[in-house]
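Structure record follows, encoded as structure tokens.
First listed ligand is number 1; within each ligand, the first listed atom is number 1.
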Amino acid sequence: MSRKKIIAGNWKMNKTPQEADALIGALIPAVADADADVVVCVPYTALAGVTALTKNTNIAVGAQNMHFEEKGAFTGEISADMLLALGVKYVIIGHSERRQYFGETDASVNKKTLFALDKGLIPIVCCGESLEQRELGVTNEHVRLQVKAAFQGITAERAAGVVVAYEPIWAIGTGKTATAAQANEVCAVIRGVIGELYGAATAGAVRIQYGGSMNAANAEELLAQSDIDGGLIGGASLKAEDFTAIVKAG
Ligand code: 13P
């Protein structure tokens with residue numbers, strides 16, 4: 001089964017609106033002929049500018065988080081409708097930094113994933129083990145649990161549209177990439193869980209990204225693996241040249 005590759009930049013807490021516009025201005029021509037789907041997940045404050053600039057281009061825009069309620073008294077939160085009104089298509093859910101620093105749990109990740117799908121946003125659901133878990137040999141169990149929890153209550157027809165990002169925490173921002181074999185093994189485990197939940201067709205359709213120190217030099221090998229369908233890129237997505245090279249590798 002051939003799955004279209006999806007290369008997404010996660011800019012995290014970087015770039016003012018002006019800096020964001022400049023980076024997007026450089027990316028638009030550079031990735032215009034990409035074979036892969038291209039997504040940039042920019043800070044909330046840059047969403048309006050970046051969605052306007054990327055209109056009628058092959059770059060789709062994502063947010064880095066979202067609340068799971070429709071609207072109301074949730075100071076500081078951003079709703080799905082607010083994102084949709086700007087033309088946002090994707091939303092990262094349950095990034096390990098949100099789990100680690102902002103109290104995100106498997107339960108909130110599930111609520112957000114369900115709500116994003118209800119609203120027609122494409123969730124990029126993150127999972128991945130810590131260094132301690134890897135050393136204990138519980139990586140696969142941990143990731144299986146995270147994926148099962150995230151997909152709870154999601155129907156089969158919707159499940160295929162979810163993007164899963166496998167991001168080993170020890171590889172994020174450390175320059176320590178998982179080997180292609182390590183990354184592919186866990187991505188295959190994730191596909192296996194989805195197969196158990198929804199069957200082979202859905203498992204074959206779901207796109208699974210790798211994230212964690214992916215860069216211009218290692219992207220090609222990672223993206224050539226059987227179960228890696230794209231990348232979620234942090235640091236290297238902040239430079240037009242590096243991100244473009246990864247997009248081209250895809
Ligand atoms: P780095 O590419 O900077 O390691 O970040 C990966 C990541 O967390 C993307 O969501």
Side-chain angles (χ1 to χ4, degrees), residues 5-15 19-20 23 27 36-44 46-47 50 59-66 88-102 104 109 112-113 116 121-131 133-134 139 142-143 146-147 150 162-180 182-184 186-187 190 207-223 225 228-250:
K5 294 271 195 289
I6 175 166
I7 308 296
N10 174 10
W11 292 9
K12 308 192 180 183
M13 196 173 74
N14 294 290
K15 305 283 181 194
E19 291 166 345
L23 177 49
L27 278 180
D37 285 337
V38 182
V39 184
V40 287
C41 300
V42 307
Y44 291 131
L47 284 173
V50 169
I59 300 178
V61 181
Q64 299 172 15
N65 182 31
M66 179 202 81
V88 170
K89 294 226 161 59
Y90 291 82
V91 58
I92 297 175
I93 293 182
H95 191 281
S96 62
E97 286 149 17
R98 295 218 56 87
R99 296 178 191 252
Q100 190 177 348
Y101 305 127
F102 304 104
E104 197 88 64
V109 168
K112 290 179 179 190
T113 306
L121 285 160
I122 301 172
I124 299 177
V125 178
C126 301
C127 60
E129 81 287 3
S130 65
L131 184 59
Q133 287 166 327
R134 177 155 287 266
T139 295
H142 175 70
V143 171
Q146 284 184 315
V147 172
V162 176
V163 177
V164 179
Y166 166 57
E167 299 204 305
I169 296 168
W170 50 270
I172 295 176
T174 56
K176 215 176 147 190
T177 323
T179 65
Q182 280 175 328
N184 195 50
V186 183
C187 290
I190 293 167
R207 294 190 291 179
I208 304 173
Q209 299 173 313
Y210 167 78
S213 299
M214 195 188 265
N215 58 40
N218 61 29
E220 201 168 324
E221 193 192 356
L222 286 160
L223 294 170
Q225 302 302 307
I228 301 179
D229 308 314
L232 186 56
I233 295 107
S237 73
L238 298 173
K239 291 194 191 121
E241 211 174 297
D242 292 3
F243 188 63
T244 301
I246 298 170
V247 168
K248 299 255 149 102

Which of the atoms in ligand 1, numbered in the order shown and given with their element, are less than 4.0 Å from a heavy-atom of [X]?
{"X": "A171", "value": "4 (O)"}
{"X": "G235", "value": "1 (P), 2 (O), 3 (O)"}
{"X": "G212", "value": "4 (O), 6 (C)"}
{"X": "E167", "value": "6 (C), 7 (C), 8 (O), 9 (C), 10 (O)"}
{"X": "G173", "value": "1 (P), 3 (O), 4 (O)"}

Backbone, side chain, both or neither: what part of I172 comes under 4.0 angstrom of ligand 1, heavy atoms only? both
Testing the basics here: between L232 and A165, what is the closest heavy-atom pair and its distance to 0.1 Å? CD2-CB, 3.8 Å
Is the shortest heavy-atom distance from the side chain of H95 to the side chain of I172 under 4.5 Å? yes
Consider every N or O of H95 and every N or O of ligand 1, then say whether any pair is closer than 3.5 Å. yes
Taking atom CD of E220 as the centre, does the number of heavy atoms from other residues, nucleotides or ligands within less than 6.0 Å exceed 12? no
Among protein heavy atoms, which lies nearest atom 2 (O) of ligand 1, and at what distance? G234 N, 2.9 Å
Note the single closest protein heavy atom to atom 5 (O) of ligand 1, along with its residue, its atom name and the distance in Å. K12 NZ, 3.2 Å
Tell me every residue that passes salt bridge (charged side-chain N to carboxylate O under 4.0 Å, His left out) with E97, counting only those two or more places apart in sequence or in another chain. K12
For C126, is there any backbone N or O sitting under 3.5 Å from a side-chain donor or acceptor partner on R99? yes
Measure from the side-chain N and O atoms of Y166 to the backbone N and O of V143, and report whether any donor-acceptor pair falls under 3.5 Å. no
Could you tabulate the donor-acceptor pairs under 3.5 Å formed by side-chain atoms of residues 239-250, not counting sequence neighbours?
{"from": "T244", "atom 1": "OG1", "to": "A240", "atom 2": "O", "distance (Å)": "2.6"}
{"from": "K248", "atom 1": "NZ", "to": "A30", "atom 2": "O", "distance (Å)": "3.0"}

